Structures are given as structure tokens and as C-alpha cells.
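It should be emphasised that the depicted structure is a prediction, and the values quoted were computed from it without experimental measurement. Values below: all heavy atoms of this structure, side chains included; hydrogens, waters and symmetry mates excluded.
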Amino acid sequence: MAAEEPQAKKLKLEEKELSQNALFGMGNPLLDICAVVDKDLLDKYGLKPNDQILAEEKHKELFEEIVRKFKVEYHAGGSTQNSVKIAQWMIQQPHKVSTFLGCIGTDKFGGILKKKAEEAHVDAHYYEQSEEPTGTCAACITDDNRSASVSRSLVANLAAANCYKKEKHLDLEENWKLVEKAKVFYIAGFFLTVSPESILKVAKHASEHNKVFSLNLSAPFISQFFKEPMMKVLPYVDLLFGNETEAATFAREQGFETEDIEEIAKKTQSLPKVNKKRQRIVVFTQGKDGTVVTSGNEVMIFPVLDIDQSEIVDTNGAGDAFVGGFLSQLVYDRPLEECIRAGHYSANVIIRRAGCTFPEKPDFH
């Protein structure tokens, strides 16, 4: 036992020294509005079970109707906000290790979103404007008693999330101080569609100060239609996340001429990089298959945790949860293997629950 004590003390010391605002996220905040609804509602708005779409004009009334007619649960959502929220949950104490910046409206849903972020102990600093309403994501859950299965139809209305302005928010002294305090940065690729100039400013700061800057490929359409802003940011990326579908699209767009995920990871790792003090790490998840990770000059595959298919409730938040778990250990500067293990753990917890929700405390050691 005596031999283990110094190590135990070292870990405790690390835990105590973790400071507020050490992890910085910036992205598209959405208020998740979750409700068990009837088939009539799906039919009325032309929604399919187990689908994800962006809201169109015909879905305008959907969000208020759900609130009016059904018992709803609210959660602070959006890809980046989900990940920093899960990182904070994994860390537990101190509160407000996770910082989040994004744009909301000055409305009822904005007020609820602020409250939900606070309840998750995330230090959220929103740019509030009145031109567009707060972004929302309706999670319409239908329960099919015949097959004992639950399906979710997601309808996202980005609205205010699209209105983030670098000069009106990120450039303000009190917000830029949060960037200066952080040591790990994470931004989902979705934000490239909103404010690439904000991402670039943060990425350059991270590179100049040898901090860790991480980005997520997020969706195939980002690599396809937002290739130019992505490739401006990529030289500053120390840690790149994605899933197998996003990796394949990225490889095609880059002309890698391979469909082998390990080869894609290696080629992505060797793309130009500004901060030579850190070699880029590439992490590609593959659902139930092993997670592909570049480390040094090798590619490793880490098996995911076993789960009985019957225990899977909702896989929508798995990617965000994996990143959140990973970041929760990275912010402590723990080994790569520990980061992966935490990512697999948090994803395993989230897919057993509806929505990106979690129990009060993690059971992770």
C-alpha cells in the first residue's frame, strides 16, 4: 500500500488544482424540448420516427404546440454545449470548469436555457440578441407499444444560434479573458457555418500559447460545403474528432484515395500544422466498433464497452458524450488511454437514456 500513496496524493493534488474555466467551448446553443407525443403530431408536421431534420417554415408552430399540449422536459443542448456539459458532469467539482459561448434570443426559451446551463454547472456566457428567437430542438418521442421500441424525431431550429458575432461578444474584454484562462478548447464543426472568424481567433490563441485546440468534423456536409473555412482552421487543430462516416467524407474531399479508416486517420494527422510542439491526435469513433486513434507514429484501436442491444435507448448523443468524457480527463492532462476510457464510459451511459441526459454522478474511476 505504501508504494501507492504518493500516486494517490498526486491525483488528489491534480483534482484540487483544476481551475474554473479550464475548458472552453463555443458553438450553437439549442434548448432541447423533449416530450412524448402522439402520432397525430408527427403526421401534422410531416415528421418521421427516428429522423433528424432542420426546421422549415411549416414547423414554425411545432415548438410552442409541444409545450402547450404535452409534458415537456428542457435540457441545455447543441453539440458543443452537450460535450462541455458532460465534461463538467464527469469532473463534478469544482463547478464551472466548463465555459461555453454562443448566441441566444432575449425570450422565454433563452431564459430557460440559461437556467438549464446553470443547473449543469456550466459557466455559460451567451450573446443575447432580439432579432432571432433562441435556437430550439424538438425531440418528439413516440412509444410503439407493439414493438416495445421508442423512437425520436428531432427537429432543430437554429435561429439565434446562427447570429453569433465575434466583434459583439468574443472580442469583449470580459469574454476574451475566459479564452485566456482556458487550457483546453473544443468547438464542433457546426460552428464553422456561423462564425469561422471566431474559431480562427481562438485557435490562433491556443497555438501561440501551446494550449490544446480540438475540433469535431461534426457532419459530412461540413467537410463538403464548408471545406474552405475548415481548412483554414485545421492547421491549428491539435485534436480532431469524428465518426467513421464523417471521416470517409473528409477523406474523399481531401483526395486521400483510401477508404481505410486507419489510413485516413494517419493522413489526417500528417496534414499541415502550425504548433510543432504538439503532434496532432486524430480520434475516429465507429459506433459499436473500436475507436481509431493516432498517437505518435502509430494508429491504435480501442474497443468500446460492451452493451446489450436491448439496453440502448437513444444513440443520438453518443458522439457528444464521447467527446465530453474525453475532455474531462484531457483537462487534467491525463494519458490518452484514460481520455479514451472516459469517452467510452460517458457514451455508454448516455445511450442508455433518452436525450443527452445523465444520472446525478458518474460511476467512473
Side-chain angles (χ1 to χ4, degrees), residues 25 27-86 89 100 102-120 122 124 126-144 150-164 188 190 194 313-321 324 350-351 353-359:
N28 299 337
L30 300 176
L31 179 67
D32 287 345
I33 305 171
C34 309
V36 176
V37 303
D38 51 38
K39 191 175 175 297
D40 290 350
L41 187 89
L42 296 191
D43 293 344
K44 180 178 176 181
Y45 290 99
L47 305 177
K48 296 177 197 154
N50 291 323
D51 200 12
Q52 299 182 56
I53 61 166
L54 284 175
E56 299 169 35
E57 191 62 32
K58 66 179 179 182
H59 301 118
K60 223 171 177 182
E61 305 301 317
L62 169 69
F63 303 90
E64 291 290 354
E65 184 167 342
I66 289 176
V67 174
R68 212 170 49 243
K69 286 189 178 171
F70 303 96
K71 186 174 184 288
V72 300
E73 274 187 24
Y74 296 109
H75 302 285
S79 186
T80 303
Q81 190 163 232
N82 276 339
S83 292
V84 299
K85 186 174 80 168
I86 286 162
W89 168 69
F100 179 76
C103 181
I104 62 172
T106 51
D107 52 18
K108 180 182 75 176
F109 285 156
I112 297 170
L113 186 49
K114 285 197 278 190
K115 186 168 171 282
K116 289 296 164 186
E118 206 175 300
E119 285 171 9
V122 170
Y126 298 116
Y127 167 49
E128 298 181 48
Q129 50 73 61
S130 53
E131 283 166 41
E132 285 286 339
T134 297
T136 43
C137 180
C140 304
I141 303 159
T142 45
D143 205 341
D144 185 347
V150 172
S151 63
R152 297 171 87 233
S153 183
L154 302 179
V155 187
N157 179 27
L158 295 177
N162 275 326
C163 301
Y164 191 82
F190 295 120
V194 175
V313 174
D314 180 6
T315 57
N316 280 308
D320 294 341
I350 296 302
I351 62 176
R353 303 166 68 88
C356 207
T357 62
F358 35 77

Looking at Glu119 and Lys115, is there a salt bridge between them, counting it only when a charged N and a carboxylate O are closer than 4.0 Å?
yes
Which residues pass the ring pair (Phe, Tyr, Trp, His ring centres under 6.0 Å) test with Tyr127, not counting sequence neighbours?
His169
Separation of Lys85 NZ from Thr80 OG1 (nearest 0.5 Å)
12.5 Å
Under the criterion side-chain contact (heavy atoms from CB on, under 4.5 Å), which of Thr136, Asp107, Ile104 is the partner of Leu31?
Thr136
What is the distance from atom OH of Tyr45 to atom CD1 of Ile66, rounded to the nearest 0.5 Å?
8.0 Å
Residues Tyr164, Asn28; criterion side chain to side chain contact (heavy atoms under 4.5 Å, CB included); working and verdict
CA-CA 9 Å; Tyr164 191 82; Asn28 299 337; over 6 Å; no
With sequence neighbours excluded, what pairs up with Leu54 under the side chain to side chain contact (heavy atoms under 4.5 Å, CB included) test?
Ala156, Leu158
Is there a side chain to side chain contact (heavy atoms under 4.5 Å, CB included) between Ile33 and Phe70 once you walk through the steps?
CA-CA 11 Å; Ile33 305 171; Phe70 303 96; over 6 Å; no
Value rounded to 0.5 Å, distance of CG in Asn82 from CZ in Phe100
9.5 Å
Write down the atom of Ala76, the atom of Lys116, and the distance for their closest heavy-atom approach.
N-CB, 3.8 Å
Any Thr134 side-chain heavy atom under 4.5 Å of Phe63 side chain
no
Rounded to the nearest 0.5 Å, how far apart are CD of Glu61 and NZ of Lys44?
8.0 Å
Testing the basics here: between Ala117 and Tyr126, what is the closest heavy-atom pair and its distance to 0.1 Å?
CB-OH, 3.5 Å
Could you measure the distance from the CG atom of Asn157 to the CD atom of Glu56? Nearest 0.5 Å is fine.
11.0 Å
If you take all heavy atoms of Cys137 and Leu30, which pair is closest and at what distance?
CB-CD1, 4.2 Å
Give me the atom names and distance for the closest heavy-atom approach of Leu113 to Pro29.
CD2-CB, 4.0 Å
Heavy atoms, side chains only, cut-off 4.5 Å: are Thr142 and Leu41 in contact?
no
When every non-hydrogen atom of Cys140 is compared with those of Leu47, the smallest separation belongs to SG-CD1, 4.1 Å
